[in-house]
Structure formats: structure tokens, C-alpha cells
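The structure under discussion appears below in the form of C-alpha cells.
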Amino acid sequence: MMARRPFFTILIAAAGGAVFSLLRLPLPWLLGPLAAIVGSVMLGCDRLWLPSWFRRIGLVIVGVALGMRITRDIWGAMADHIGMMLVATIVTILFGLMQAWAIHKLYQVDVITSIFSNIPGGLSEMATIGREQGGNLQIISLFHSIRIVTVVFVTPFVVMTLSHKPNLLPVQPASQAVGWMQAAVLLAAGALGAVAAARLKIPAPYLLGPLLTASLVSFALSLTGGAAGTGTPALSGLVVKGAQLLIGAGIGIEFRREEIRTYRRLLVAALAASLLLTTLTFTLALLLSYATGIDLLTGMLATAAGGAAEMSLTALAIGADPLLVTAFQLFRVMFIVTVFSFSVRWFLKRRGLCETANRQAR
């Protein structure tokens, strides 16, 4: 009976991912399983369960996949535009902190949860780090799920409208799956990085350890150089989708029926916060365009608070600069999950908030 529960949980999660994929919704193999599991919980299915190491495997794979995207060209674009990226990221973080303060005051949500719910560092990243600091995983996941859907739908629509192109061209990001041997080496290195990060007590070790390790290994082995036209090396799409499924399902099983009903009052707040953040990024792109001469549409996609793959695809479709868009997006995520997360951890420990939150969570 115990063995059937993970199988049944994965089956429901896979069905959710398939439905979201058929409907062409954003991040189908992350948000689909999450929505399917939460929906099942709402319908009274309380037998869903996954071992904790399932989600850790998913995090290791996603960390490696993200690390592999930090190519030599990306490093170059980051170095050339480091000032703009830093300003855009800090402004976005400051606005997120303002929203966090408002949510904390208006809805009596604890400080840690409010912070990690409103900083656009990625659903799996913020959910993982926020939970480790004692935040409420359900609220954090709710806010970021709504943010991702809002940004991924609204930003490309606005940019396509401004570019006078009626729809997205059938362009795919230039990437090529590495061989199984290379993938095995990178995943093994990522797993070792996760173990090392856990021993060093780095936040979200099963994500950050593999991410940093994969980026260094990829660069050292010149995997990103490649032959002309071969594209950026990447893990197999099937592997990445499976990892996203494990993460989405792992988050979903943390929800409880009574808690979901309690958090319904935050739905409007989460949507309002997402729309305000999107408006801010549009304004920020306008200011960057005026101050630096960067193309406005490229700036809008580069400063968008989420959906790196979707923003890069839109850039390819309208003739914007996909390299700069990807560099901006990865810099924001890297800065938030490393510098910002370490800073918040230090601040919360100094204030004694982490210990209080962890005691309340237990």
C-alpha cells in the first residue's frame, strides 16, 4: 500500500503536466503537477505522498540545467551590462520588499513568508529557500504561481502588440541535448555539489550546489563553446520535465485542504502584487531604454519578473536581443538565490526571526 501512494501521486502529477502542456500554459510540467495535486487535495484525496528525496532529485536536476545555461556568451553579456543588470535587479528587489511589507501589515502574514512570496527569484528557488528559513510553503507557492502565470501571459502579449506582430513565430531556443555520458557526469557533479553545499549549510543546497557546480564544470570543459550552429548544450527535455514534475508534486503534497481554504483570501493580493510588479518592470524598461539606449522591447523582456525561457523565445520571435534577455533573467535569479538569500538569512538570524519561525512551523 505504501508503494502505491508515490505511484498514484506521480500519476496525478503527470496528468496535470500533460493537460497544461496540451493547453500550452506556462511552465506546464511544474505548474501542471502542482495544480493537479492541489486540486486533488481540495477534492478530498488525502492519500497523496512522495518521499522527500524525490523532490531533492528534481532540485538537483533543475540546478544542473540552470547552471548549464550560463554559457561563455552569457558571462560576456553579463560582464558588458553588469551595471544595468544590478540596478534593475536591486530596484525589483526593493519593490518586492515594499510589497512584502504591505502583505505583512494588511494580511498578518509573517515576515519571512511575505519576503519570499514577493521576491521574483523563481517558484522552486523561493519555495525551497523560504521553507528552509521557516516560511509558509503554501503561501509562497501561491504567490509565485500567480506571478509566473501573470508575467508569462501579460508581458509577451504587450511586447507583441508593441512590435506590431500578430503572434509568436515558431522559433525554438537554440539548444542541443548533451549525450547521456556528459549528462551523467554533470548530474554526478551536481549531486556532489549538493552534498558539499548541505555540509556548508548553504541555503537551498540541493538547488544552489548543483547550479554553481554545473556552471563551473560546463565552463571548464568548454561545453558551451560547441561547434558553430550546434546551439547551447542542455539536458534532455524529458529529464528536465521529469524534474519539474517532481518539484511541482513535492510542493503540492505540502498543501492541506483546510489551509487552502484559509489562503483563499490571499488570491486577490497575489494577483494585485503580480500586476503591480509587471507594471514596475515595464516602467523600469522604459527608464533603462531612455538612459542607456537599449531597445525598449528588449528591455521589457529582460526586466520581466519571471519566465526566462518564454521571454527569450519572445525575443527571438520579434527580433529583439535574446542573449541580453537571457543574461538579465539569469543574473536576476542568480543574484536573488545567492546574494539576496544569504543577506536575508544573515538578517533574520541576527533578528532571531528564523528560530521563531522554525519553532512555529514545527
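Bear in mind the structure is a predicted one, so any value in this text is a computation, not a measurement.
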Review point. Any chain of hydrophobic side-chain contacts (each under 4.5 Å) joining V339 to L200?
Key: yes

Check your understanding: Quick one: does R56's side chain have a donor or acceptor within less than 3.5 Å of a partner on Y206's backbone?
Key -> no

Review point. Are any of the side-chain heavy atoms of T213 and L192 separated by less than 4.5 Å?
Key: no

Exercise for review: Output yes when a side-chain donor or acceptor of S21 lies under 3.5 Å from a complementary backbone atom of G17, and no otherwise.
Suggested key: no

**Study point:** Side-chain heavy atoms of L34 within contact of Q244, under 4.5 Å
**Key:** no

**Study point:** side-chain contact (heavy atoms from CB on, under 4.5 Å) partner of F54, the single match among L245, L246, I253
**Key:** L246

Practice item. Say whether, by atom type as modelled, one donor and one acceptor occur between the side chain of S274 and the main chain of A270 under 3.5 angstrom. Key: yes

Check your understanding: Under 3.5 Å, side chain of R131 to main-chain N/O of I140, donor-acceptor pair present?
Key -> no

Review point. Counting only N and O atoms by type, is there a donor-acceptor contact under 3.5 Å from the side chain of T278 to the main-chain atoms of V151?
Key: no

Check your understanding: Under 3.5 Å, side chain of Q329 to main-chain N/O of L301, donor-acceptor pair present?
Key -> yes

Exercise for review: Heavy atoms only: give me the nearest G190-P210 pair and the separation to one decimal.
Suggested key: O-CG, 3.3 Å

Review point. Taking the side chain from S341 and the backbone from I336, do they hold a donor-acceptor pair closer than 3.5 Å?
Key: yes

**Study point:** Flag side-chain contact, heavy atom, 4.5 Å: M68 against L235
**Key:** yes

Study note, to complete from the structure: Between L48 and R5, the two heavy atoms sitting closest are O-NH2, 4.0 Å

Point to revise | Short side-chain to backbone donor-acceptor contact, T298 and D321, under 3.5 Å | key: yes

Exercise for review: Before giving the answer on side-chain contact (heavy atoms from CB on, under 4.5 Å), spell out for I294 and H81 the whole-Å C-alpha distance, their side-chain angles and the decisive distance to 0.1 Å.
Suggested key: CA-CA 10 Å; I294 186 175; H81 301 87; 5.7 Å; no

Donor-acceptor pairs are to be reported for all side-chain atoms of residues 90-100 against protein atoms at under 3.5 Å, with residues two or more places apart or in another chain.
residue : atom : partner : partner atom : Å
T92     : OG1  : A88     : O            : 2.7
Q99     : NE2  : A273    : O            : 2.9

Show the atom names and distances, to 0.1 Å, of all donor-acceptor pairs under 3.5 Å that link a side chain in residues 113-120 to residues at least two apart or in another chain.
residue : atom : partner : partner atom : Å
T113    : OG1  : D110    : OD1          : 3.0
T113    : OG1  : D110    : OD2          : 2.7
T113    : OG1  : N136    : N            : 2.7
S114    : OG   : V109    : O            : 3.3
S114    : OG   : D110    : O            : 3.0
S117    : OG   : T113    : O            : 2.6
N118    : ND2  : S114    : O            : 2.8

